[in-house]
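Values below: all heavy atoms of this structure, side chains included; hydrogens, waters and symmetry mates excluded. So you know, we letter chains A, B, ... as the sequences are listed, proteins then strands, and number each from 1.
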Amino acid sequence: MAETSNAHTEAPSGGAKSFPPFESDTFASQLFWLGIAFVLLYVVMAKVALPRIAGIMAARRESVDRDLGAAAQLKADAEAALQAYEKTLAEARTRAQTLAGETRAKLNAEAEEARKELEAALHTKLAEAERTIADTKARAMSSVRGIASEAAGAIVGKLTGLAPAEHAVAEAVDAVLKR
Amino acid sequence: MAVDPIHQFEIHNVFPITQIGTAQIHLTNSAIFMAISVGLTMLLLLGTTGSRRLVPTRMQSVAELTYELMANTLRNVTGDEGMKFFPFVFSLFMFILFANLIGLIPYGFTVTSHLIITAALALLVFFTVIIYGFWKNGLAWLKLFVPSGIPTFMIPLIVVIELLSFFSRPISHSVRLFANMLAGHITLKLVAGFIAMLGGVGFVGWLGAIAPLALTVALTALEFLVAALQAFVFAILTCIYLNDAIHPSHDPHPAH
C-alpha cells in the first residue's frame with residue numbers, strides 16, 4: 001500500500017495538473033479506441049455470440065419440450081397398458097366365475113342324477129325286500145297256523161285222547177288267530 | 001505523505017499510433033483497458049458457449065444469465081419490436097460492466113471514469129433514438145414531445161419541458177455513470193490512503209489503520225455493487241430511450 005501511495009505521490013507531473021477527465025488532448029485517442037473497441041464488440045456480439053446463445057437456448061427449450069412430450073406419451077402408454085391389463089384381468093375373472101358356475105351346476109346336476117338313480121335303486125330294493133318280508137311273513141304265518149293246528153290237535157289228542165278232525169282244529173286256530 | 005486520488009485517472013500514452021487532423025492518436029492505458037473489457041466480454045460469451053451444451057457449465061450459465069437479463073429487460077421496456085436493438089444494448093451493458101469491474105482491480109484503470117467515454121456512449125444512444133425515431137415514424141415521431149390529453153393552452157409549455165428533458169438526457173445519462181465511477185474510485189483511494197499514512201506513523205498507527213482498512217474492504221464491496229448497478233442503469237435507460245424512438249406516443253406499448 002505504501003508503495004502504491006508513493007508511486008502515486010510521485011506522479012510525473014511537475015506543474016499545476018489539470019483534472020485528467022477534462023484534459024481535452026486525450027479525447028481524440030480515447031474516442032478513437034472507444035470506436036474501435038465498441039464496433040468490434042458490437043459486431044462480434046451481433047454476428048456470433050448472441051445468435052449462438054439464442055441458438056443454445058432455443059435448442060434447450062426444444063429438447064425440454066421434446067422430452068416432456070415423450071414423457072407424456074410414455075405416461076399415456078403406461079396408463080393404456082394398465083387399463084388393458086385391468087380389462088383383461090376383469091375379463092379373466094368373469095370367465096373364471098362363469099366357468100366355476102357352470103362346473104358347479106354340472107356337478108350338481110350329475111350328483112342329483114346319481115342320487116336319484118341311487119334312490120330309485122334303493123326304492124326298488126326296498127320294495128323287493130318288503131315284498132320278500134311280506135312273503136316270508138305270510139309263509140311264516142301259514143307255517144304258524146299249521147304248527148298251531150298240529151299243536152292244538154296234539155294237545156286236544158293228549159287231553160282228550162280223541163283225534164279231532166283236522167279241518168275243525170284249523171278253523172278253531174284261525175278263529176283264535178283272527179282275534 | 002499525501003495520496004493523490006486523481007492520479008489513477010490519468011491517461012498515459014504508451015506509444016503513438018497515427019495522427020488524425022491535428023489530433024495525435026496514442027495507444028493509451030485507457031485503450032488497453034477497453035481492449036481488456038472487450039476481450040473479457042468475448043471470452044465470457046464465446047469461450048463458454050463453444051461446446052453449445054444443453055446442460056450448461058457454470059460459466060455458460062453466467063453468459064446465458066447476462067443474455068437473458070438484458071433480453072428480458074429490453075423486451076419488457078420496448079416490446080418485441082425493440083429486440084433489433086438487443087446487440088446494441090447488450091454490447092453497451094457488457095462493455096460498461098467489464099470496464100467498471102476491471103477498474104476496481106488495484107493498478108487498474110477505469111475507462112468509464114472519463115466523461116468523454118460516457119458522453120460518447122450516451123450520445124450514441126441519443127442519436128440512435130433520434131435517427132431511428134424519424135426513420136421509423138417520420139415526422140409523426142415529433143408527437144413524442146406533444147403528449148395527448150393535454151389542454152391546448154398548456155401545449156407550448158409542455159412541449160418546452162419535454163424538449164428540455166429530452167435534450168438533457170445525454171447529459172444525465174453520461175454524467176451519472178462518469179460521476180459514480182469517479183467518486184467511487186476517489187473515495188476508495190482516499191480511504192485506502194489513510195491506511196498507508198497511518199502505517200507510516202508506527203505501531204499505534206498500524207492499530208489506527210484497522211478502521212480505514214475495514215472501511216476500504218466495505219467500500220470495495222460497495223463499489224462492485226455500484227459497478228454492476230451503474231452498468232445496468234445505463235443499459236435500462238438506453239432501453240427506455242429506445243422505446244421513445246419505437247413508440248413515440250406516450251401510451252404504454254402493448255403488452256407482449
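By the 30° and 60° cut-offs, the orientation of the rings of Phe22(A) relative to Phe178(B) is tilted.
Counting only heavy atoms from C-beta outward, the side chains of Pro20(A) and Ile6(B) approach each other to under 4.5 Å. Between Tyr42(A) and Leu92(B), every side-chain heavy-atom pair lies at or beyond the 4.5 Å cut-off. Taking 4.5 Å as the limit, some side-chain heavy atom of Leu182(B) sits within range of a side-chain heavy atom of Pro21(A). You'll find the side chain of Leu34(A) reaches within 4.5 Å of the side chain of Phe95(B), heavy atoms only.
Within 6.0 Å of atom NZ in Lys84(B), more than 12 heavy atoms from other residues, nucleotides or ligands are found, so the atom counts as buried in its surroundings.
Ranking Pro56(B), Pro106(B), Ala35(B), Ser37(B) against chain A, the residue ahead of the rest is Pro56(B), based on heavy-atom pairs under 4.5 Å. Counting heavy-atom pairs closer than 4.5 Å to chain A, the top-ranked of the candidates Glu68(B), Met94(B), Arg53(B) is Glu68(B).
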Would you list the atom pairs, donor with acceptor, under 3.5 Å between side chains in residues 79-98 of chain A and any protein atom, with sequence neighbours excluded?
residue: Thr88(A); atom: OG1; partner: Ala84(A); partner atom: O; Å: 2.7
residue: Thr94(A); atom: OG1; partner: Ala90(A); partner atom: O; Å: 2.6
residue: Thr98(A); atom: OG1; partner: Thr94(A); partner atom: O; Å: 2.6

Using atom types as modelled, flag every donor-acceptor pair under 3.5 Å from a side chain in residues 44-68 of chain A to any protein atom, sequence neighbours excluded.
residue: Arg52(A); atom: NH1; partner: Leu46(B); partner atom: O; Å: 3.0
residue: Arg52(A); atom: NH1; partner: Thr49(B); partner atom: OG1; Å: 3.1
residue: Arg60(A); atom: NE; partner: Leu54(B); partner atom: O; Å: 2.6
residue: Arg60(A); atom: NH1; partner: Glu64(B); partner atom: OE1; Å: 2.8
residue: Arg60(A); atom: NH2; partner: Leu54(B); partner atom: O; Å: 3.3
residue: Arg60(A); atom: NH2; partner: Glu64(B); partner atom: OE1; Å: 3.2
residue: Arg60(A); atom: NH2; partner: Glu64(B); partner atom: OE2; Å: 2.8

Anything under 3.5 Å between a donor and an acceptor, one on a side chain of residues 119-126 of chain A, the other on a protein residue two or more places apart or in another chain? List them.
residue: Glu119(A); atom: OE2; partner: Arg115(A); partner atom: NH1; Å: 2.9
residue: Thr124(A); atom: OG1; partner: Ala120(A); partner atom: O; Å: 2.7

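For Leu124(B), the part lying near chain A is the side chain, with the backbone staying farther off; criterion is any non-hydrogen pair under 4.5 Å. If you measure heavy-atom distances from Tyr67(B) to chain A, the contacts under 4.5 Å come from the side chain alone. Residue Phe90(B) touches chain A through its side chain alone, counting heavy-atom pairs closer than 4.5 Å.
The distance from the CG atom of Leu40(A) to the CE atom of Met42(B) is 3.5 Å, given to the nearest 0.5 Å.
Remark: side-chain polar atoms of Trp33(A) are paired, donor with acceptor, to backbone N or O of His26(B) under 3.5 angstrom.
Listed here is the closest heavy atom pair of Ser91(B) and Leu41(A): O-CD2, 3.5 Å.
Contacts between residues 110-117 of chain B and chain A, counted as heavy-atom pairs separated by less than 4.5 Å, involve Ser113(B), His114(B), Leu115(B), Ile116(B), Ile117(B).
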Check against side-chain contact (heavy atoms from CB on, under 4.5 Å), Glu23(A) and Ile11(B)
CA-CA 9 Å; Glu23(A) 277 171 10; Ile11(B) 301 271; 5.6 Å; no
